[in-house]
Amino acid sequence: MTDTATDSLEALYKDFADLNMEGGWHRKFPALWPEPRRNFLPHVWHYADVKPILDRAGRLVDTTQAERRNLTMFNPVEGNIYSTVRTIVAAYQMIRPGEVARAHRHTPNALRLILEGEGTYTVVDGKQVEMRPGDVLLTPSWAWHSHANSGDVDCYWMDFLDVPLVHLLEPMFYEPHPQGLEPEVEVLETAPIAFAWKDTLAALDAEQERVGPGKPVSVELGPEKLDSIGLEMIRIPAGGSTEMLRTTANSIFAVVRGGGESEIDGETLPWAFGDTVAVPAWRPYRHRATEETVLLRVTDAPVFEKFGWLRTETL
Ligand code: GTQ
Ligand code: FE2
């Protein structure tokens, strides 16, 4: 027993520490704070920088060595070597004519946005669909998937996965397909997990009709959805801009068509076709288009919605 006459705060704190405990009033770093902190940084990766590097990787590494020839984009925040924003990682991937990226499955959810190429298809749970520029394809958690290029040009796309969220929560499982590829494949023209560019354009046109000309419009991709990642296509007319807003959700924007710049938390970051823009939580942002632009927004907002944590403000 400690003698109260000689006890001290110093001795008390030492006894906490010995029990792997800490007084809520004594912690070095607060556990609660008034609003989301600025951790991850706004950043743009330029496709024009990436493409020659992917091409070099294509000459040096084949798909028997690399199950996926992908280049992930890590946010430049101190200490991070993987995540693009807190919960999502984005990557560029390239597959050469005749190559096959073997089948595997994993608990992280994934999706792809095709940038360039033709004659490439993906097989998701036994269903084969072609991937064309502007198309978005979902690979839900635990679905088998492989990719193959049966055309005669290199095919480039972007991947987005909730791997960092799975890292945070720990439910990671991954396995290669025991036979390398799924043995039975059904070839389809369309599938619920595939959003064709022409359908996206038609949806944007219909929305434009509804809101009137000259305004930015946005459509959600669906009805098929990933549980953790929301997808929205946003079209901004030449010279137009989106409203300045901030939200608790994290977003990555991919430039599907056009060019312009984003103002993120006071920084101006220009972008062009194929670029990737990281907009971390609670950073005020808006996009400006110098030519007619379509952006794909990839966001963890569905996770925030489920827990009642989604807060969005227009500024
Ligand atoms: O194409 O299956 O960029 O599993 C990262 C992990 C792509 C894929 C990535 C993956 C894939
Ligand atoms: Fe995968």
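Just follow the structure's listing: the first ligand is 1, and inside any ligand the first atom is 1.
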* **Intermediate values then yes/no, side chain to side chain contact (heavy atoms under 4.5 Å, CB included), Leu165 and Asp300** => CA-CA 9 Å; Leu165 179 63; Asp300 58 9; over 6 Å; no

* Cationic N near anionic O, under 4.0 Å, Glu220 to Lys225 ->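 Answer for the salt bridge query: yes.
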
* **Salt bridge present between Arg235 and Glu207 (N-O < 4.0 angstrom)** =>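 Judged by the 4.0 Å cut-off on N to carboxylate O distance, Arg235 and Glu207 do not form a salt bridge.
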
Write out the residue and atom name of the closest protein heavy atom to [atom], then the distance separating them to 0.1 Å.
atom                   : value
atom 8 (C) of ligand 1 : Arg68 NE, 2.9 Å
atom 7 (C) of ligand 1 : Asp159 OD2, 3.4 Å
atom 6 (C) of ligand 1 : Leu161 CD2, 3.8 Å

* To do: Could you tell me whether a side-chain N or O of Ser83 sits under 3.5 Å from a main-chain N or O of Val89, the two making a donor and an acceptor?
  =>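 Judged by distance alone, no pair lies under 3.5 Å.
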
* Are Thr122 and His147 close enough that a side-chain donor and a side-chain acceptor fall under 3.5 Å? ->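 Side chains of Thr122 and His147: pair found under 3.5 Å.
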
* Asked: Just going by heavy-atom distances, which of His104, Arg102, Gln93 is nearest to atom 4 (O) of ligand 1?
  ->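 Shortest heavy-atom distance from atom 4 (O) of ligand 1: His104.
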
* Asked: So with a 6.0 Å cut-off around CZ of Phe273, is the heavy-atom count from everything else above 12?
  ->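 Correct, the count exceeds 12.
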
Quick check on contacts: which atoms of ligand 1 are under 4.0 angstrom from a heavy atom of [X]?
X      : value
Asn70  : 3 (O), 5 (C), 9 (C)
Ala91  : 3 (O)
His147 : 1 (O), 2 (O), 8 (C)

* Rounded to 10°, how big is the angle at the Fe ion (ligand 2) from His145 NE2 to His106 NE2? ->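 Between NE2 of His145 and NE2 of His106, at the Fe ion (ligand 2), the angle is about 90°.
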
* To do: Test side chain to side chain contact (heavy atoms under 4.5 Å, CB included) on His177 and Trp144 and set out the steps.
  => CA-CA 8 Å; His177 195 283; Trp144 291 112; 3.6 Å; yes

* Contact check, Glu67 vs ligand 1, heavy-atom distance below 4.0 Å ->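 Distance cut 4.0 Å: Glu67 fails for ligand 1.
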
